[in-house]
Amino acid sequence: MLKLLITRPIAAPVLDQARTKFDVTLHEGGAMSVSDCATALATYDCILPTLGDQFTAEAFAGDIRAKMLGNFGVGYNHIDTQAAAAADVIVSNTPDVLTDATADIAMTLLLGTARRAGEGERMVRSGAWGGFDVKGLLGTHVTGKTVGIIGMGRIGQAIAARCHYGFGMNVVFHNRSPKVTAVPAQQLDGLHAVMAAADFVVVATPGGSETTKLIDAAALAAMKPSGIFINISRGEVVDEIALIEALETDQITGAGLDVYENEPHVPDRLRALDNAFLLPHLGSATAETRQAMGQMALDNIIAWAEGGDPPQRVN
Ligand SMILES: NC(=O)C1=CN([C@@H]2O[C@H](COP(=O)(O)OP(=O)(O)OC[C@H]3O[C@@H](n4cnc5c(N)ncnc54)[C@H](O)[C@@H]3O)[C@@H](O)[C@H]2O)C=CC1
Ligand SMILES: O=C(O)C(=O)CO
């Protein structure tokens, strides 16, 4: 039997199925360091890793037994796919099955930030709420406003649909390449044009070297002072310090974040801000979605083990 390492406790039915087909080891201890990953690559035939596991170029530099990484997650910026290819290791991911759940979290952040839900919840829990207040915690109206989406892929378009059909919003976007969308939306000329036009900016690009600090101080400075910034992509896409400064100085009105530059570390300065609505990387976190992601990751590994090409191969 081929030896498979699964780096997190995935849904039981998927784990059970994996055990019927592979000699499975379940990694314990959370995210794997570069040296854990190097050891895993030298020890197992195939691996089902996820976010946080550091499959860097260095991890692929030693002896490699593994031939297949079936990543649990659509984003694979934690895997150096070129180093993997050079080492003859196939990488696959889990697109589509998490698109709706992640778009829903983007809307949770958009609405939660606009309507100051975090502040309100903290007020109720602390006992500080003094009753209905005609001027208390006034937020930003959402219906009919303009949303600007950065990265109009699967998730970006699902967010656009929710904004347009659900909230009557006008949709503008910036994408690396020209894009025709089913949802009525206008592709503007450049990132800063979208930052400036939008009441709500939502970032939905992949992470990785091409998008690192795409949202820098200058991009944030292009936003309206009333603007609200949402990130569900990867923390590294945003200059976190520049964002904190924009929030501290009320250069923008608020930010809703699901992802951070150095997860799980969230800077104290960010946690201290009332105008930041912060979630712990919950984009795909529904039971149904996480099971579907596990199944897709495993199906790709099975396809490879049976001699086929994994359907969601990325390198
Ligand atoms: N918060 C969470 O839990 C989750 C986060 N994600 C993140 O969302 C990302 C997007 O996922 P999908 O929509 O499925 O991917 P996708 O590949 O369908 O969409 C990405 C879009 O970004 C565009 N893009 C890439 N580089 C760009 C750049 N420099 N400037 C502008 N546009 C650029 C691409 O052309 C594409 O249209 C994932 O790679 C992952 O990092 C995904 C799922 C859950
Ligand atoms: O799939 C991803 O890329 C995530 O961030 C978690 O689902």
Side-chain angles (χ1 to χ4, degrees), residues 7-8 10-11 31 48-53 69-79 81 91-110 148-162 171-183 185 187-195 201-216 219 230-238 256-261 263-264 266 277-297 300 312 314:
T7 74
R8 298 295 193 291
I10 55 173
L48 195 157
T50 193
L51 282 71
D53 296 336
L69 296 189
N71 186 53
F72 180 101
V74 67
Y76 49 85
N77 55 317
H78 56 290
I79 302 173
T81 51
V91 180
S92 64
N93 72 342
T94 60
D96 300 312
V97 290
L98 43 51
T99 294
D100 284 326
T102 310
D104 291 348
I105 276 291
M107 297 313 294
T108 306
L109 288 170
L110 192 156
I149 296 174
I150 314 298
M152 196 64 148
R154 290 171 291 249
I155 296 170
Q157 292 182 52
I159 296 166
R162 282 158 175 72
V171 181
V172 297
F173 69 93
H174 168 67
N175 198 68
R176 187 179 42 184
S177 48
K179 201 109 198 180
V180 176
T181 60
V183 180
Q187 184 160 11
L188 301 187
D189 193 13
L191 170 68
H192 286 210
V194 173
M195 302 296 289
V201 171
V202 184
V203 182
T205 64
S209 56
E210 276 185 39
T211 54
T212 298
K213 294 197 176 20
L214 175 70
I215 309 297
D216 57 10
I230 308 297
N231 186 16
I232 58 87
S233 65
R234 284 290 183 269
E236 68 203 30
V237 179
V238 180
L257 307 176
D258 191 41
V259 288
Y260 306 88
E261 231 175 300
E263 295 180 13
V266 179
F277 186 51
L278 307 175
L279 295 181
H281 205 140
L282 291 183
S284 63
T286 70
E288 296 90 332
T289 300
R290 289 283 167 85
Q291 179 158 341
M293 290 165 70
Q295 190 65 57
M296 186 177 273
N300 274 273
Q312 278 77 36
V314 297

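Just so you know, these numbers use all the heavy atoms, side chains as well, and skip hydrogens, waters and symmetry mates. Read the numbers this way: they start at 1 and go in the same order the structure lists the ligands and their atoms.
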Not counting sequence neighbours, which residues clear side chain to side chain donor-acceptor pair (under 3.5 Å) with Gln157? List them please. none

May I ask whether Ser233 places a heavy atom under 4.0 Å from ligand 1? yes

For residues Ile150 and Leu191, determine if any side-chain heavy atom of one lies less than 4.5 Å from a side-chain heavy atom of the other. yes

For His174, counting its heavy atoms only, list the atoms of ligand 1 lying under 4.0 Å from any of them. 30 (N), 31 (C)

Restricting to heavy atoms, the pick from Val194, Thr102, Thr212 nearest atom 4 (C) of ligand 1 would be Thr102

Quick one: which ligand 1 atoms are inside 4.0 Å of a heavy atom on Ser284? 3 (O)

Atoms in ligand 1 flagged as close to Ala204, the criterion being non-hydrogen separation under 4.0 Å: 10 (C), 20 (C)

Which heavy atom of Thr286 sits nearest a heavy atom of Ala101, and at what distance? CG2-CB, 4.2 Å

Are any side-chain N or O atoms of Arg8 and backbone N or O atoms of Leu51, one a donor and one an acceptor, separated by less than 3.5 Å? yes

Audit row: Arg162, Asp100, side chain to side chain contact (heavy atoms under 4.5 Å, CB included) steps and yes/no: CA-CA 10 Å; Arg162 282 158 175 72; Asp100 284 326; 3.1 Å; yes

How far is atom 19 (O) of ligand 1 from the closest protein heavy atom, and which atom is that? Gly153 CA, 3.2 Å

Heavy-atom distance under 4.5 Å between the side chains of Val237 and Lys213, does that happen here? no

Check: Phe173 and Leu188 side chains under 4.5 Å, non-hydrogen atoms: no

Where the closest heavy atom to atom 40 (C) of ligand 1 is concerned, which of Met293, Arg234, Arg176, Glu210 has it? Arg234

Can you list the atoms of ligand 1 that are under 4.0 Å from a heavy atom of Asp258? 1 (N), 2 (C), 3 (O)

Note: Arg234-Asp258 ion pair, threshold 4.0 Å (strictly below): no

Atom 9 (C) of ligand 1: closest protein heavy atom, distance to 0.1 Å, is Thr205 O, 3.4 Å

Heavy-atom distance to atom 14 (O) of ligand 1: which of Glu236, His78, Arg154 wins? Arg154

Locate the shortest heavy-atom distance separating Ala106 from Val202; write the atom from each residue and the value. CB-CG1, 4.3 Å

Taking only residues two or more places apart in sequence, or in another chain, which ones meet Ser209 in a side chain to side chain donor-acceptor pair (under 3.5 Å)? none

Proximal atoms of ligand 1 relative to His281 (non-hydrogen, under 4.0 Å): 1 (N), 2 (C), 3 (O)

Using the rule given for side-chain hydrogen bond (donor to acceptor under 3.5 Å, both in side chains), can you reason through Glu236 versus Asn77, listing the C-alpha separation, both sets of side-chain angles and the distance that settles it, and then say yes or no? CA-CA 10 Å; Glu236 68 203 30; Asn77 55 317; 3.2 Å; yes

How long is the gap from CE on Met195 to CD1 on Ile215, to the nearest 0.5 Å? 4.5 Å

Per-residue contact class, Val74 against ligand 1 - non-hydrogen pairs under 4.0 Å: side chain

State, to 0.1 Å, how close Gly70 and Pro49 come at their nearest heavy-atom pair, and which atoms those are. O-CD, 3.4 Å

Around atom 13 (O) of ligand 1, find the nearest protein heavy atom and jot down its residue, atom name and distance. Ile155 N, 2.9 Å

Taking heavy atoms and a distance under 4.0 Å, where does Met152 meet ligand 1: side chain, backbone, both or neither? backbone

Is Leu214 in polar range of ligand 1, meaning some N or O pair under 3.5 Å apart? no

Mind running side chain to side chain contact (heavy atoms under 4.5 Å, CB included) on Leu109 and Leu279 for me, showing each step along the way? CA-CA 8 Å; Leu109 288 170; Leu279 295 181; 3.6 Å; yes

Could you pull out the N/O contacts under 3.5 angstrom between ligand 2 and the surrounding protein atoms?
| unit_1 | atom_1 | unit_2 | atom_2 | d |
| --- | --- | --- | --- | --- |
| ligand 2 | 1 (O) | Val74 | N | 2.8 |
| ligand 2 | 3 (O) | Gly75 | N | 2.8 |
| ligand 2 | 3 (O) | Arg234 | NH2 | 2.7 |
| ligand 2 | 5 (O) | Arg234 | NH1 | 2.9 |
| ligand 2 | 5 (O) | Arg234 | NH2 | 3.2 |
| ligand 2 | 5 (O) | His281 | NE2 | 2.7 |
| ligand 2 | 7 (O) | Ser284 | OG | 2.6 |

Can you tell which of Gly151, Gly283, Pro206 gets a heavy atom nearest to atom 20 (C) of ligand 1? Pro206

Identity and distance of the protein heavy atom lying nearest atom 23 (C) of ligand 1: Asn175 OD1, 3.2 Å

Measuring from non-hydrogen atoms of Lys179 to any atom of ligand 1, is the shortest distance under 4.0 Å? yes

Polar-atom distance check: Ile232 versus ligand 1, any N or O pair below 3.5 Å? yes

Donor-acceptor under 3.5 Å (Thr50 side chain, Phe72 main chain): yes

So, does Thr211 sit close enough to ligand 1 that a heavy atom of it is under 4.0 Å from the ligand? yes

Pairing residues for Glu210 by the side chain to side chain donor-acceptor pair (under 3.5 Å) criterion, not counting sequence neighbours: Arg176

